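What follows is a set of notes on a single structure, which appears directly below.
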Amino acid sequence: MGQTIWREVGPGVFVRRHAELDLNCGLVVGEQRALVIDTGSTTVRGEELAAAVREVTRLEPVVVNTHAHYDHCFGNAAFRDSQIYGHVGAADGLRSTAEHQRQQALTHLRSVERHEEAADLEQTEVVLPFYLVDSDTAVDLGGRTAHLLFEGRAHTDHDLAVAVPDAGVTFWGDMLEHGADPAMEDSYPLEWASTMHQLTRRDHVRQGSVAVPGHGDVVDNAFVGGQVEQLQHLSSCLKDSLSNRGRELEGLMACARGLGFQEETMRAAAVRALETAPTG
Ligand SMILES: [Zn+2]
């Protein structure tokens, strides 16, 4: 199972890091309710998380999914009696891609002979978020407020950041990635940097100092700034390439060279630049 203990990163704000995919789930404890940020990749994982939440607090949990990738929301069934927040686009995304995501993850799990995990995933019921938002939304936890922030397209077309200004902590979901390349497969590489940059300028985010990525180590504002800069270089080069050198994959991939990305990340960034660039 690996290490899955809560770490307090601000007063009453916890991160539970999972060996599985190095995933971070969050917990913000108010006086009346507790906010759970992301639920893991299967119902079993979600149930483990729910049990871990109960070890910290007996308050009623409220849930938010940062986005519709299975590792962040397939544990929702374990929280089906809770209010589950998500962006409208996350619910749409899950409706259209959940089974495809499941099949892709199953193929991977079977290829590495993790049959128990595969069986859990097969039996997982996908529960959509049903408190749907499409703009900034304050969630009152009693005595403190968590802010769901939406700025635009980045890692997906519906990423929510969750800021807890009284603790100086922001949960970024997969907009922010530590220890691996930003995941580009469903991304908007021409817009990602500017979406993140705008978010870093929000009062609720700017005044904080702790940043929690969807995967990897908890980091600081300098790390966030570094990733924004990296994505900014990428988008400038992609835009330049698209307008001056046409729509050739190889040329676009060259943009990601020198940024320290893996080959498959460069390819995905180039493919997504082509798919998402405005035409005409
Ligand atoms: Zn993701």
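From a predicted model like this one, the values you see are computed outputs, not experimental measurements.
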Looking at F14, I'd like to know if the NZ or CZ of R7 sits under 6.0 Å from its six-membered ring centre while staying within 45 degrees of the ring's axis.
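No, a cation-pi geometry is absent between R7 and F14.
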With the threshold set at 4.0 Å, does a side-chain nitrogen-carboxylate oxygen contact exist between [X] and [Y]?
X    : Y    : answer
R202 : D136 : yes
R114 : E20  : yes
R153 : D159 : no

Sorted by first residue and then second, give each disulfide bond (SG atoms under 2.5 Å apart) pair with at least one member in residues 118-181; sequence neighbours left out.
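As it turns out, there is no disulfide bond (SG atoms under 2.5 Å apart) pair with a partner in residues 118-181 once direct neighbours are skipped.
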Going by the disulfide bond (SG atoms under 2.5 Å apart) test, which pairs reach into residues 165-267, not counting sequence neighbours?
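For residues 165-267: C237-C255.
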What closest approach, in Å, do [X] and [Y] show between heavy atoms, and which atom pair accounts for it?
X    : Y    : answer
P189 : A269 : CG-O, 3.6 Å
G93  : A68  : C-CB, 4.4 Å
V162 : A146 : CG1-CB, 4.3 Å
A167 : P11  : CB-CD, 3.9 Å
A211 : V224 : CB-CG2, 3.5 Å
A78  : A50  : O-CB, 4.4 Å

Atom [atom1] in [X], atom [atom2] in [Y]: separation rounded to 0.5 Å?
X    : Y    : atom1 : atom2 : result
L231 : L176 : CG    : CG    : 9.5 Å
R206 : T170 : CZ    : OG1   : 12.0 Å
C25  : W6   : SG    : CH2   : 6.5 Å
D174 : N24  : CG    : CG    : 9.5 Å
E191 : E151 : CD    : CD    : 11.5 Å
Q101 : S96  : CD    : OG    : 9.0 Å

Indicate yes or no for a side-chain donor-acceptor contact from [X] to the backbone of [Y] under 3.5 Å, with no hydrogens or angles considered.
X    : Y    : value
D140 : G142 : yes
Q227 : E177 : yes
R16  : I5   : no
S241 : L238 : no
E31  : R144 : no

With clusters defined by side-chain heavy atoms of hydrophobic residues (ILVMFWY) lying less than 4.5 Å apart, directly or transitively, does [Y] cluster with [X]?
X    : Y    : value
V63  : V212 : yes
V36  : V164 : yes
V13  : L23  : no
L234 : L199 : yes
L109 : L21  : yes

Can you check whether [X] reaches [Y] side chain to side chain, under 4.5 Å on heavy atoms?
X    : Y    : value
N65  : T39  : yes
V218 : V210 : yes
R45  : E117 : yes
H197 : R201 : yes
P182 : W192 : yes

Just jot down the side-chain contact (heavy atoms from CB on, under 4.5 Å) partners of [X], sequence neighbours excluded, or say none.
X    : value
D220 : A222, F223
A183 : H155, E185
E116 : none
E113 : H115

Please lay out, stage by stage, how W172 and T200 fare under the test side-chain contact (heavy atoms from CB on, under 4.5 Å).
CA-CA 10 Å; W172 285 87; T200 62; 3.8 Å; yes
Show your working on side-chain contact (heavy atoms from CB on, under 4.5 Å) between L242 and K239 and close with a plain yes or no.
CA-CA 5 Å; L242 282 166; K239 283 174 190 164; 5.5 Å; no
Please, which pairs that meet salt bridge (Lys or Arg N to Asp or Glu O under 4.0 Å) have at least one residue in residues 87-108, sequence neighbours excluded?
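Passing the test, one end in residues 87-108: D92-R95, E99-R102.
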How about E8: does its CD atom have over 12 heavy atoms from other parts shown lying under 6.0 Å from it?
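Buried by this count: over 12 neighbours within 6.0 Å.
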Just checking E275: does its CD atom have more than 12 heavy atoms from other residues, nucleotides or ligands closer to it than 6.0 angstrom?
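Count over threshold, so yes.
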Please report the C-alpha distance between L27 and L35 in whole Å, then the side-chain angles of each, then the deciding distance to 0.1 Å, and finally whether the side-chain contact (heavy atoms from CB on, under 4.5 Å) criterion is met.
CA-CA 6 Å; L27 176 64; L35 180 66; over 6 Å; no
Could I get the full list of ring-ring contact (aromatic ring centres under 6.0 Å, His included) partners for H87, not counting sequence neighbours?
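Counting only residues at least two positions away or on another chain, H87 forms a ring-ring contact (aromatic ring centres under 6.0 Å, His included) with F150.
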Applying ring-ring contact (aromatic ring centres under 6.0 Å, His included), can you list everything that pairs with F74, at least two apart in sequence or on another chain?
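Counting only residues at least two positions away or on another chain, F74 forms a ring-ring contact (aromatic ring centres under 6.0 Å, His included) with Y70.
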Candidate list H67, H18, H158, test ring pair (Phe, Tyr, Trp, His ring centres under 6.0 Å), partner H72, passing option
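Checked H67, H18, H158 against H72; only one passes ring pair (Phe, Tyr, Trp, His ring centres under 6.0 Å): H67.
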Could I get the full list of side chain to side chain donor-acceptor pair (under 3.5 Å) partners for T265, not counting sequence neighbours?
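Partners of T265 by the side chain to side chain donor-acceptor pair (under 3.5 Å) criterion, ordered by chain and then number, come out as D181.
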My understanding is that only one of D38, T97, T156, D186 makes a side-chain hydrogen bond (donor to acceptor under 3.5 Å, both in side chains) with H69; could you say which?
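Output: one option passes, namely D186.
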Please test Q32 against L141 for side-chain contact (heavy atoms from CB on, under 4.5 Å), starting from the C-alpha separation and ending with a verdict.
CA-CA 6 Å; Q32 283 153 17; L141 303 176; over 6 Å; no
Check L252, T276, L249 against V271 for a side chain to side chain contact (heavy atoms under 4.5 Å, CB included) and give me the one that passes.
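When L252, T276, L249 are each tested with V271, the side chain to side chain contact (heavy atoms under 4.5 Å, CB included) holds only for L249.
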Side chains of residues 121-133: which donor-acceptor partners sit under 3.5 Å, not counting sequence neighbours?
unit_1	atom_1	unit_2	atom_2	d
E122	OE2	R110	NH2	3.1
T124	OG1	T43	N	3.1
T124	OG1	D120	O	2.7
E125	OE1	R80	NH2	2.3
Y131	OH	Q83	NE2	3.3

Show me, pair by pair, the donor-acceptor contacts under 3.5 angstrom made by side chains of residues 51-62, not counting sequence neighbours?
unit_1	atom_1	unit_2	atom_2	d
T57	OG1	L59	N	3.0

